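Shown next, in structure tokens, is the structure this report addresses.
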Amino acid sequence: MSRNPELFERALRTIPGGVNSPVRAFRSVGGAPRFIRRAQGPYLWDADGTRYIDYIGSWGPAILGHAHPEVVRAVQDAAAGGLSFGTPTEAEIEIAEAIVARIPSIEKVRLVSSGTEATMTAIRLARGFTGRPKIVKFEGCYHGHADSLLVKAGSGLLTFGNPTSAGVPPEFIQHTLVLDYNRLASVEEAFQRHGPEIACVIVEPIAGNMNLVKPAPGFLAGLRKLCTDHGALLIFDEVMTGFRVGPQGVQGLTGIRPDLTTLAKIIGGGMPIGAFGGRADIMEQIAPVGPVYQAGTLSGNPVAVAAGLATLRLLSAPGFYDALTARTARLVSGLTERARAAGVPFSADYAGGLFGLYFSATIPTSLAEVSRCDIERFNRFFHGMLDRGVHFAPSAFEAGFVSAAHDDAVIDATLDAAQAVFATL
Ligand SMILES: *Cc1c(COP(=O)(O)O)cnc(C)c1O
């Protein structure tokens, strides 16, 4: 008897839905989530001791694989010196310097404790800097769970069919304009109509919360130009893509410079962290130098900063992203070939260590197209793979994550399992 259903039953008694974040639930695929006891490299082990190849990677942070010895050592050393001080530390300067040195659009950066805090504050800062109320976001992009951003906001909400959360009064989102991803014409129209009122455009420059959807050619450049022309700020939410798709995020791949960038996930190496940064003149509007308030008891936590610094150091090894991208390419092309051989309509896409699998013959370019994929078939694929020891995210609206620990043997084992599963679909 597996312990997972038993643990799930027990969790349901004291934790809403049995999970501490809705994307962990198996509600859309069915069954009980696996309760993970430990992880190492590309693998997870559940409460039964069953091993899984992991393509969730803690939803992004685990780019080096789980429990990388150098990251674990950095955490242990930091923890032994005290868990939190509530005073400045030298390590905070080091991680700020590391981020500023790596991401060209970031001149100054502030640390927070999650991606949600980073985007929430970046929006407040954009409004404070411009003195304007409205923000533009795109359908299917998730920017954390702050009220004004929780409109048509990607995977968790999509999986459960709620366009917008209950508990958000309409007044709180009256200044949020929600447009279609990859449709520049609608952004032009929004600026024509509301230009002087728009503080910022926030976008996932590669969308990773409605499965994976890449920006169409000219989309990001068009956003940049519209923002510049109308005096609005462009915010790249690189919480997922930062240090995931390449050493400088999407802005490194495209050469397009946002005014503000939000980061989290990888920069904490698995510990809770977030950051927002950008042009110095904008960042100087933040307290204590400027009038836009933001604070955090655990911001810049020494243990999280140590994990982040160790991770960023390892990511700057020469050739790291070339090797990671080659792994992801091998996975994606191998899955596509095997699906084709089995006659299953399937496509896949990737950037660096981030990938999307679609049960549709063509790669989607919008939320509407992602929603038309064969979700029921994905669910069968998901469970077939799980039964064969491969753990993908439990939703057709999620992207997947490859780590540096996913070597050729791990990818090949995944492809063997997929071949068997595709044959049953
Ligand atoms: C994960 C994510 C967030 C939220 O980060 P949390 O740390 O979960 O609050 C925001 N934006 C994007 C693009 C994300 O992928």
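When a ligand or atom number is given, it counts from 1 through the structure's own listing order. Note that this is a predicted model, so its numbers are computed, not measured.
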* To do: May I ask you to check whether Phe26 and Phe8 place their ring centers less than 6.0 Å from one another?
  => no
* With a cut-off of 6.0 Å (strictly less than), are more than 12 heavy atoms of other residues, nucleotides or ligands near CZ of Phe85? -> yes
* Structure fact -> Honestly, for His143 the part within reach of ligand 1 (heavy atoms, under 4.0 Å) is backbone
* Would a 4.5 Å heavy-atom cut-off, applied to side chains only, mark Phe320 and Leu64 as touching? -> yes
* Asked: Any donor and acceptor pair, going by atom type alone, linking the side chain of Arg327 with main-chain N or O of Ala404 inside 3.5 Å?
  -> yes
* Atoms in ligand 1 flagged as close to Ser114, the criterion being non-hydrogen separation under 4.0 Å -> 7 (O), 9 (O)
* Taking heavy atoms and a distance under 4.0 Å, where does Asn209 meet ligand 1: side chain, backbone, both or neither? -> side chain
* Structure fact -> ligand 1 to Met240, heavy atom cutoff 4.0 Å, flagged ligand atoms 15 (O)
* To do: Looking only at protein heavy atoms, identify the closest one to atom 3 (C) of ligand 1 and say how far it is in Å.
  => Val239 CG1, 3.6 Å
* Looking at atom 8 (O) of ligand 1, what's its closest protein heavy atom, distance included? -> Thr116 OG1, 4.6 Å
* Quick one: which ligand 1 atoms are inside 4.0 Å of a heavy atom on Asp237? -> 10 (C), 11 (N), 12 (C), 13 (C)
* **Atoms of ligand 1 close to Gly115 [distance to a heavy atom under 4.0 angstrom, numbered from 1]** => 4 (C), 5 (O), 6 (P), 7 (O), 9 (O)
* Starting from atom 15 (O) of ligand 1, find the nearest protein heavy-atom neighbour and note its residue, name and distance. => Lys265 NZ, 2.6 Å
* Asked: Sub-3.5 Å donor-acceptor pair from the side chain of Arg224 to the main-chain atoms of Arg257, do we have one?
  -> yes
* Determine whether any heavy atom of His145 lies closer than 4.0 Å to an atom of ligand 1. => no
* Asked: Between Glu238 and Thr241, do the side chains contain an N or O donor and an N or O acceptor separated by less than 3.5 Å?
  -> yes
* To do: Could you check if a side-chain atom of Arg127 sits within less than 4.5 angstrom of a side-chain atom of Ile135, using non-hydrogen atoms only?
  => yes
* **Distance-only side-chain donor-acceptor flag, Arg102 / Ser316, under 3.5 Å** => yes
* Asked: Taking only heavy atoms of Glu204, which atoms of ligand 1 are found under 4.0 Å from at least one of them?
  -> 13 (C)
